Amino acid sequence: MKICCIGAGYVGGPTCAVMALKCPDSTVTIVDLNEARIAAWNSDELPIYEPGLYEVVEQVRGRNLFFSTNITKAITEADLIFISVNTPTKTFGVGKGRAADLKYVESAARSIGAAVKQGHKVIVEKSTVPVKAAESISKILKATSALNPSVSFQVLSNPEFLAEGTAIKDLLYPDRVLIGGEQSADGFAAIAKLSSLYESWVPGEKIITMNTWSSELSKLAANAFLAQRISSINAISAVCEETGANVEEVANAVGTDKRIGPYFLKASVGFGGSCFQKDVLNLVYLCECLNLPEVAQYWQQVVDLNEYQRKRFANRIVEALFNTVTNKKITILGFSFKKDTMDTRESSSIFIAKYLMEEGASLTIYDPKVPAKQMYSDLKHPAVCEDEEAVDRLLTISHDPYEATKNAHAIVVCTEWDEFKTYDYERIYKSMQKPAFLFDGRLLLDHSKLQRIGFQVQAVGKKLITLENGYH
Ligand code: UDX
Ligand code: ADP
């Protein structure tokens, strides 16, 4: 089979690299408008960091995996075309701040319509889209086939469930693969075609087929449920901080109930990433459009709670530092939205950094993977900052954790990078201003050890930790 993937991003790149690995008889070409991105995919410095990705790409690139900017050629030659472009939340117009912006999906669909001159093509919607997006893609393509009867299309929904940092594992051993399609003979044939590809490495019982809308909605629902669990435990973390209950103990107790399960119950400074907030808001918008305001409100609360958690954490920092952080050096450890990725989209670190800079803090950020350029671009983004000069004045990016924490009044752990656990905190403590504060937004570090060193430790979901009150 000849496969084309439009969009060489976090979804398209890893998904199609694994597909090329597992389907050696198929040829996979990943195309993108962004020339620099394609050049990076063709180099030793891949444009995204993902554990195990380089090893996969190295095995298949030039064999049956190709990266190209020649979109028309790849579309023309392909039997099966994945659309893996970005679908950010709209920042303008109707549905601003909630609805997904489908301009990239539409432009990919139009590129397909313009390129295909003959034959039958199966189009696979991989990007996370609002329910009924497949119908819009179908309408655009039908306009093409109406003009040219030697062309026909079937549009499928095949949502991605990979989580960044574990994408390769998630792709190699998925919990399930969803394929939604038109419930017609042509639709079933297209579903069977895509399914046959996955069957090269995914057990048949894990490939679930359904109608297109169910598949589209399942993706939104799955992410909404996951985000809801995090907001639920974060809501409990606020109660813990007031009462003296320990959120880790509560999460463990709750999660051992088989009906609830232990995953996604880690209290944090708030969830980030390109999917959760976007998908929940997408669902909210869908419910509003369907005149289901109570359902919309229910899901909106998941996002509102996340914002509340970020603000609450930032307020706690300011309060602990004697109600002022102006001109105080504060060091943020971690800028990516989770460990093992350099992706910063919707990262809680952005909001914590913004808040602290608004309070006049002199901020130093260290992250093992995120480039300085990315941090500046996130913190100077018009949606985040009103005063670019203030960012230049207040922000320092450090490439060394010991340099980053020298003379700091406080350390704020925002991402759960493993390397943060391995630092010499005695050395760090000695180099800091006293009292030396440490705020653990990820419940990552050994708090009692830090306290013994002398740190004033505060952590999400735990009452103020002091040696006296026994929280060590
Ligand atoms: C998510 C979904 O997991 C994946 O199935 C989907 O296809 C894409 O969106 P991703 O956003 O890459 O994946 O990462 P995920 O592991 O879900 O984490 C999202 C955010 O939630 C991160 O900021 C993470 O740190 C946070 N999180 C996760 C918590 O705060 N607590 C938890 O218990 C789990
Ligand atoms: P995701 O996390 O959904 O993969 P990314 O932003 O990482 O999102 O990647 C999406 C990619 O899709 C980008 O590299 C972007 O240049 C590409 N893209 C967007 N629209 C088109 C299009 N019409 N044709 C080709 N590539 C596109």
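Given the structure is predicted, the values throughout are model-derived calculations rather than measurements. For ligands, and for the atoms within them, numbers begin at 1 and follow the listed sequence.
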Subject >> Minimum-distance protein heavy atom relative to atom 19 (C) of ligand 2 >> reply: N86 OD1, 3.4 Å
Original post:
Which heavy atom of the protein is the closest neighbour of atom 25 (C) of ligand 2, given with residue, atom name and distance?
Top reply: I6 CG2, 3.4 Å
Subject >> Within-shell test, R345 vs ligand 2, heavy atom, strictly < 4.0 Å >> reply: yes
Original post:
Side chains of N234 and S231: donor-acceptor distance under 3.5 Å anywhere?
Top reply: no
Original post:
Does a side-chain N-to-carboxylate-O contact under 4.0 Å join K339 and D418?
Top reply: yes
Original post:
Considering V11, D32, N34, which one's heavy-atom position lies nearest to atom 16 (O) of ligand 2?
Top reply: D32
Subject >> Sub-4.0 Å atoms of ligand 2 with respect to non-hydrogen atoms of R37 >> reply: 5 (P), 6 (O), 7 (O), 9 (O), 11 (C), 13 (C), 14 (O)
**OP:** Could you tell me which atoms of ligand 2, counted from 1 in the order shown, lie closer than 4.0 angstrom to a heavy atom of G9?
**Re:** 4 (O), 5 (P), 7 (O), 9 (O)
Original post:
Between E416 and K266, is the closest basic N to carboxylate O distance under 4.0 Å?
Top reply: no
Original post:
Among the heavy atoms of S127, does any lie under 4.0 Å from an atom of ligand 2?
Top reply: no
**OP:** Give the residue and atom name of whichever protein heavy atom lies nearest to atom 22 (C) of ligand 2, and the separation in Å to one decimal.
**Re:** L33 CD1, 3.5 Å
Original post:
If every non-hydrogen atom of V31 is compared with every non-hydrogen atom of N70, which pair is closest and at what distance?
Top reply: CG1-O, 3.9 Å
Original post:
Do the charged groups of R345 and E164 touch, with an N to O distance under 4.0 Å?
Top reply: yes
**OP:** Test the K219-F161 pair against the cation-pi criterion, namely NZ or CZ under 6.0 angstrom from the six-membered ring centroid and within 45° of the ring axis.
**Re:** yes
**OP:** Can you pull out the closest protein heavy atom to atom 18 (N) of ligand 2? Residue, atom name and distance to 0.1 Å, please.
**Re:** V85 CG1, 3.7 Å
Subject >> Residue portion contacting ligand 2 (non-hydrogen atoms closer than 4.0 Å) for I48 >> reply: neither
**OP:** Carefully, step by step, assess W417 and S336 under the rule side chain to side chain donor-acceptor pair (under 3.5 Å).
**Re:** CA-CA 9 Å; W417 284 101; S336 57; 3.2 Å; yes
Original post:
According to the interplanar angle, ranging from 0 to 90°, do the rings of W41 and F67 count as parallel (below 30°), tilted (30 to 60°) or perpendicular (above 60°)?
Top reply: parallel
**OP:** Check the pair Y308, Q301 against side chain to side chain donor-acceptor pair (under 3.5 Å), reporting the backbone distance first and the verdict last.
**Re:** CA-CA 10 Å; Y308 166 76; Q301 196 56 31; over 6 Å; no
**OP:** Please lay out, stage by stage, how N86 and Y10 fare under the test side chain to side chain donor-acceptor pair (under 3.5 Å).
**Re:** CA-CA 9 Å; N86 36 336; Y10 280 93; over 6 Å; no
Original post:
What is the nearest protein non-hydrogen atom to atom 12 (O) of ligand 2, stated with its residue, atom name and distance?
Top reply: G7 CA, 3.4 Å
Subject >> Aromatic plane relationship, F437 with F439 - under 30° parallel, 30 to 60° tilted, over 60° perpendicular >> reply: parallel
Original post:
Relative to the heavy atoms of A108, which atoms of ligand 2 are at a distance of less than 4.0 Å?
Top reply: 23 (N)
**OP:** Find out whether the Lys NZ or Arg CZ of K369 is both under 6.0 angstrom from the six-membered ring centre of Y49 and within 45° of the ring's axis.
**Re:** yes
Original post:
Less than 4.0 Å between a side-chain N and a carboxylate O, is that true for R316 and E241?
Top reply: yes
Original post:
At what distance is the nearest protein heavy atom to atom 23 (N) of ligand 2, and which residue and atom is it?
Top reply: S107 OG, 2.6 Å
Tabulating one pair per line, provide the atom names and distances (0.1 Å) for every N/O atom of ligand 1 that is less than 3.5 Å from a protein N/O atom.
residue: ligand 1; atom: 5 (O); partner: F161; partner atom: O; Å: 3.1
residue: ligand 1; atom: 7 (O); partner: E160; partner atom: O; Å: 3.2
residue: ligand 1; atom: 7 (O); partner: E160; partner atom: OE1; Å: 3.2
residue: ligand 1; atom: 7 (O); partner: L162; partner atom: O; Å: 3.3
residue: ligand 1; atom: 7 (O); partner: K219; partner atom: NZ; Å: 3.4
residue: ligand 1; atom: 12 (O); partner: E164; partner atom: N; Å: 2.7
residue: ligand 1; atom: 14 (O); partner: K338; partner atom: NZ; Å: 3.1
residue: ligand 1; atom: 16 (O); partner: K338; partner atom: NZ; Å: 2.8
residue: ligand 1; atom: 23 (O); partner: G272; partner atom: N; Å: 2.9
residue: ligand 1; atom: 23 (O); partner: F337; partner atom: O; Å: 2.8
residue: ligand 1; atom: 25 (O); partner: R442; partner atom: NH1; Å: 2.7
residue: ligand 1; atom: 25 (O); partner: R442; partner atom: NH2; Å: 3.3
residue: ligand 1; atom: 30 (O); partner: S268; partner atom: OG; Å: 2.7
residue: ligand 1; atom: 31 (N); partner: K266; partner atom: O; Å: 2.9
residue: ligand 1; atom: 33 (O); partner: L265; partner atom: N; Å: 3.4
residue: ligand 1; atom: 33 (O); partner: K266; partner atom: N; Å: 2.9

Original post:
With only distance considered, is Y10 within less than 3.5 Å of ligand 2 through an N or O on each side?
Top reply: yes
